[in-house]
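Read through the structure below, which is laid out as structure tokens, and then see the notes.
Just follow the structure's listing: the first ligand is 1, and inside any ligand the first atom is 1.
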Amino acid sequence: METLLQVRVAAKQRVAEDITAYEFATLDGAELPGYEAGAHIDVHVPGGPVRQYSLLQLPDSSRRYRIGVLRDPQSRGGSARLIDQVNEGDVLSVSAPRNHFALHSGPAHALLFAGGIGITPILCMAEQLAREGRSFELHYCGRTPSRMAFLDQLRQAPFADRVQVHADDGAAEQRLDARAAIGPPTSDRQLYVCGPTGFMDHVLATARELGWAEAQLHREYFAAAPIDHSSDGPFELELRRSGRRIRVAADQSAAQALLDAGVPLSLSCEQGVCGTCLTRVLEGEPDHRDLYLTEEEHRDSFMPCCSRARTPCLVLDL
Ligand code: FES
């Protein structure tokens, strides 16, 4: 089991309509584990679920983790509970940072696309790219400026000239033209996108239409849309290393079946967006339902928290 950190809410501030920023510090002022842009932490919402939030600023002398939280009416209550019930001075458990959305090293030009609350990891990426003197541009899209966090910070940033803000309710000429912004693929460019699912799908689909390769497209989902379980059936898991067979019932996830059988497995989001439960598949065809793995990675990996099987048995590297 991973070790959790106890942190105190050092600051809480409304930063846009329905968006609240939190700053967490250790109880004794000690340094927090470091991270790079794109990292997130798991926040254990008191009395509620575990939720992932991207760190929105690079580590600095303040020794704090900063996150932005959207009150999402579609969410299962984690974010609303955090905003309503967790205040300055409260103590929470968080994980050390994990990074499934890291910047590529090297001189490539980075195209950063943020939709709404997706600005949090993207802001951190812009900060890191600027600090390292690397080439990038940032497109920040939202419904209306009052719902877009950190606009002032972006306007005052040393890299403000590389930021374009696109508000849906603004003048037609400032709205995002994804085809023009993405442009034709060249091997020296990488694209990073974070935001609501529809926004991300639009950006990624446009890039693919323009001929971009999957290896140049990087994304971070916040939450999965509800999955239809009405046609779920049972299947079996075979654990190659121990030779055990475990049955997954129709109303059970593969992760639950593994845990019930005493097989150790780390879980976090339980909706296929965080990457924590990644497991290698050696034989059989998974029914992938995650938003985390790329098509390439789907060839030999699956997420037992949400994905199922298209064949009667999946052989796992466990
Ligand atoms: Fe997050 Fe499975 S626990 S992807």
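In Gln153, the CD atom is crowded: over 12 heavy atoms of neighbouring residues, nucleotides or ligands sit closer than 6.0 Å.
Electrostatic pairing of Arg240 and Asp317 does not count as a salt bridge here, judged by no charged N lying under 4.0 Å from a carboxylate O. Using a 4.0 Å cut-off between a side-chain N of Lys or Arg and a carboxylate O of Asp or Glu, Asp42 and Arg98 qualify as a salt bridge.
Residues passing the side-chain contact (heavy atoms from CB on, under 4.5 Å) test with Arg162 are Phe136, Phe159, sequence neighbours excluded. Residues that satisfy the salt bridge (Lys or Arg N to Asp or Glu O under 4.0 Å) test with Arg175, not counting sequence neighbours, are absent from this structure.
Among protein atoms, those of element N, O or S found less than 2.8 Å away from atom 2 (Fe) of ligand 1 are Cys277 SG, Cys305 SG.
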Scan the side chains in residues 204-213 for donor-acceptor partners under 3.5 Å anywhere in the protein, sequence neighbours excluded, and list what turns up.
unit_1 : atom_1 : unit_2 : atom_2 : d
Thr206 : OG1    : His202 : O      : 2.7
Arg208 : NE     : Glu214 : OE2    : 2.5
Arg208 : NH2    : Glu214 : OE1    : 3.4
Glu209 : OE1    : Arg179 : NH1    : 3.1
Trp212 : NE1    : Gly183 : O      : 2.9

